[in-house]
Q: 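So that we are looking at the same thing, I have put the structure below in structure tokens.
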2 protein chains.
Amino acid sequence: MAPTPTAPANAETPCRVLGLRERKKQRTRDALVDAAHSLFLSQGYARTTIDEIAAAVDVSQRTFFRYFANKDEAALAVLADAEDYFIECLRRRPAAENPLQAMRAAITESWRGLGSEHTGGVRAALELLQLIESTPTLLAAHLRRTTEQEGVVAQVLADREGLDAATDLRPRLLAAVFGAVLRVSHLAWGSGPFPDQDAGPEGMIAIIERHFDQLGPALVGDWR
Amino acid sequence: MAPTPTAPANAETPCRVLGLRERKKQRTRDALVDAAHSLFLSQGYARTTIDEIAAAVDVSQRTFFRYFANKDEAALAVLADAEDYFIECLRRRPAAENPLQAMRAAITESWRGLGSEHTGGVRAALELLQLIESTPTLLAAHLRRTTEQEGVVAQVLADREGLDAATDLRPRLLAAVFGAVLRVSHLAWGSGPFPDQDAGPEGMIAIIERHFDQLGPALVGDWR
DNA sequence: TGCCGATTGTCAGCTACTGACATAATCTGC
DNA sequence: GCAGATTATGTCAGTAGCTGACAATCGGCA
């Protein structure tokens, strides 16, 4: 949902004040995400059991699985929010920008927006990215999620340009290339840290920009 | 290893005739891959248990896990061979081609070579691709494998061009973009079948070519 | 207050996967 | 051919992820 502080009213929230039941549910969910996140980070993903996470929040294992379909989903929940926020940023980009420009601007914007006051902040997202790179199971799940998101991105691009995503190959293709650039950037960031690397979002943004700048050169010519 | 019929002698095979033990191992492995493949295809991935596969080959479940680290690995074994073959094709491409040309040529070449007399043939690979697209777990595992292979591809490209893969971003970037084009192509192929679609490798090759041709247009300009 | 629906806990069970140990098959040097 | 070292395999027991079914409990609402 990517709640922005400037837009409290949402079409899907008829009542401003949610019932006690809803609030409680939200709280347990957040607690589960937090517990999972810190446990995974401190002892590793594989060495952390669902029972541990559930015990930390004082709920049963069964309840955990009512909130998350599986262990992966709990781990990647933080990034899921960030991705939704990116989609929203992309939707809001001015129509004057061409697709590639819009995506570059949206990814920068979303990292910065995440940094200021979003859920958990950039901190959690960056920690998670590093955990993902070093955990094969998580990496697989993350890549699948990412790939699914590319479909959404392609649809947004097609809408922006007034094209039919079913027949025109370009939206899906560009979304996939964009995803590839991001993945390589994340990898490069994870294999750092570089001496001049910013701990906040700016470090990641710089690396992503550098990769985008190399995209053209990588595709054309002889590299020499 | 991608055994080609014209090159029986291999540097890693000191003796022409492998021992009985080795041959037996190879036979059970092949049998397991075949059994897994046909069971997954006929009843679906999730509804097939390891016990079933092991029973079909008349070995214990424990033996299955001595050949494959997990269920995914057995399912994707067919594609693993194909990927190794692609890498080999890429290595053999003439140095005159630039990186993108070499990869386009290598992927076409490997699909055709797979078609003529390779293990299992194109048939199995194409069936598997469709199963993958409709099985979330398998898709995740496949994407992870694919991503890992991109590292190998990047290294091959760097070697070809005499670059250092650790510092130059282009090899990894191009490998990732190439992977993205392939993934979208596979997806498009799976969401077919189109009326004019060839059942053999040529149908897939045509789709991949079409996507490559759209890569430039997708990246530049305003799409209108 | 009292009813209704939603959330949760408990329990039983399945399946993927692993370590430990015993058995049986192959290979090696004689 | 034959002992003895290797190595593949089977059996067994156990852990962890995940699910369905049912009962208890809690929040919403008249």
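Reckoned from all heavy atoms, side chains included, excluding hydrogens, waters and symmetry mates. In the text below, chain A, chain B and the rest are named by the order of the sequence lines, each starting its count at 1.
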Q: Which residue in the set A:Glu148, A:Gln149, A:Glu150 passes side chain to side chain contact (heavy atoms under 4.5 Å, CB included) when paired with A:Val152?
A: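 Exactly one option meets the side chain to side chain contact (heavy atoms under 4.5 Å, CB included) with A:Val152, and it is A:Gln149.
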Q: Just how far, in rounded Å, is P of C:dT18 from CG of B:Asn70?
A: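 Taking CG of B:Asn70 and P of C:dT18, I get 8 Å after rounding.
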Q: Closer than 4.0 Å, any side-chain N/O of B:Lys25 to the OP1 or OP2 of D:dA8?
A: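 Yes, B:Lys25 has a side-chain N/O under 4.0 Å of OP1/OP2 on D:dA8.
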Q: When you measure from every atom of DNA chain D, which of residues 46-60 of chain A have a heavy atom less than 4.0 Å away?
A: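 Listed by number, they are A:Thr48, A:Thr49, A:Ile50.
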Q: Using side chain to side chain contact (heavy atoms under 4.5 Å, CB included), reason through A:Phe40 and A:Lys71 one step at a time and then give a plain yes or no.
A: CA-CA 11 Å; A:Phe40 289 157; A:Lys71 208 175 161 183; 3.9 Å; yes
Q: Counting side-chain heavy atoms from C-beta on, which of C:dT8, C:dA6, D:dC18 comes nearest to A:Arg21?
A: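 Of all the options, the side chain of A:Arg21 is nearest to C:dA6.
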Q: Given 3.5 Å as the limit, does a donor-acceptor pair link the side chain of B:Glu22 with the main chain of B:Gly19, or not?
A: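 Not at all, since once roles are kept as given, no pair shorter than 3.5 Å links the two residues.
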Q: Can you classify the ring geometry of B:Phe86 versus B:Phe178 as parallel (below 30°), tilted (30 to 60°) or perpendicular (above 60°)?
A: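 Answer is parallel, since the angle falls under 30°.
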Q: How many Å lie between CZ on B:Arg62 and C1' on C:dT15, as a whole number?
A: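 Taking atom C1' of C:dT15 as the reference, CZ of B:Arg62 is at 15 Å.
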Q: Rounded to whole Å, please give me the gap between CZ in B:Arg29 and C1' in D:dT9.
A: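 So the CZ-C1' distance, B:Arg29 to D:dT9, works out to 17 Å.
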Q: Rounded off to whole Å, could you give me the CD-to-C1' distance for the A:Glu73 and D:dC18 pair?
A: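 Going from CD in A:Glu73 over to C1' in D:dC18 covers 13 Å.
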Q: Quick one: A:Arg23 CZ to C:dT7 C1', roughly how many Å, whole number?
A: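 Checked: the CZ to C1' distance equals 16 Å.
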Q: When you look at CG of A:Asp164, are more than 12 heavy atoms from neighbouring residues, nucleotides or ligands closer to it than 6.0 Å?
A: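 Yes, the 6.0 Å shell around CG holds more than 12 heavy atoms from other groups.
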Q: In plain terms, say whether A:Glu73 and A:Arg145 are close enough for a salt bridge, that is, a side-chain N and a carboxylate O under 4.0 Å apart.
A: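 Here A:Glu73 does not pair with A:Arg145 in a salt bridge, since their nearest N and O are not under 4.0 Å apart.
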Q: D:dG20 C1' sits how many Å from A:Phe64 CZ, rounded?
A: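 One finds 18 Å between C1' of D:dG20 and CZ of A:Phe64, rounded.
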Q: Using atom CG of A:Leu32 as one end and atom C1' of C:dT8 as the other, report the distance to the nearest whole Å.
A: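 From A:Leu32 CG to C:dT8 C1': 13 Å.
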Q: Any ion pair linking B:Arg93 and B:Glu109 (charged N to carboxylate O, less than 4.0 Å)?
A: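 Yes.
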Q: Starting the side chain at C-beta, find the nucleotide from D:dT19, D:dT11, C:dC17 nearest to B:Phe65.
A: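 So the side chain of B:Phe65 is nearest to C:dC17.
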Q: Residues two or more places apart in sequence or in another chain: which of them pass side-chain hydrogen bond (donor to acceptor under 3.5 Å, both in side chains) with B:Glu202?
A: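 If we apply the side-chain hydrogen bond (donor to acceptor under 3.5 Å, both in side chains) test to B:Glu202, skipping adjacent residues, the hits are B:Arg112.
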Q: Could you walk me through whether A:Ile132 and A:Leu76 satisfy the side chain to side chain contact (heavy atoms under 4.5 Å, CB included) test, starting with their C-alpha distance in whole Å, then the side-chain angles of each, then the deciding distance to 0.1 Å, before giving a yes or no?
A: CA-CA 9 Å; A:Ile132 287 171; A:Leu76 302 179; 3.6 Å; yes
Q: Can you tell me the distance, in whole Å, between the CG atom of A:Asp72 and the P atom of D:dA16?
A: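 Rounded to whole Å, this separation is 17 Å.
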Q: Show your reasoning for whether side chain to side chain donor-acceptor pair (under 3.5 Å) applies to B:Thr28 and B:Tyr67.
A: CA-CA 9 Å; B:Thr28 33; B:Tyr67 281 91; 2.9 Å; yes
Q: Specify the residues of residues 137-145 of chain A, ordered by number, for which at least one heavy atom lies under 4.0 angstrom from an atom of DNA chain D.
A: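 By residue number: none to list.
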Q: Which sits closer to the 5' end of DNA chain C, B:Glu22 or B:Lys71, going by the nucleotide each is nearest to?
A: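 Here B:Lys71 is the residue nearer the 5' end.
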Q: Looking at C:dA25, I'd like to know if its phosphate oxygens (OP1 or OP2) sit under 4.0 Å from a side-chain N or O belonging to B:Lys24.
A: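 Answer is no, no contact under 4.0 Å.
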Q: Can you tell me whether the side chain of B:Arg66 and the base of D:dG10 have a donor-acceptor pair closer than 3.5 Å?
A: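 Checked by distance alone, the answer is yes.
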Q: Considering only C:dG9, C:dT26, D:dT9, which nucleotide approaches the side chain of A:Thr63 most closely?
A: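 Per side-chain heavy atoms of A:Thr63, the pick is C:dG9.
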Q: Within the structure shown, what part of the strands sits under 4.0 Å from B:Tyr67 by heavy-atom distance: base, sugar-phosphate, or nothing?
A: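 Counting heavy atoms under 4.0 Å across all strands, the contact made by B:Tyr67 is with sugar-phosphate only.
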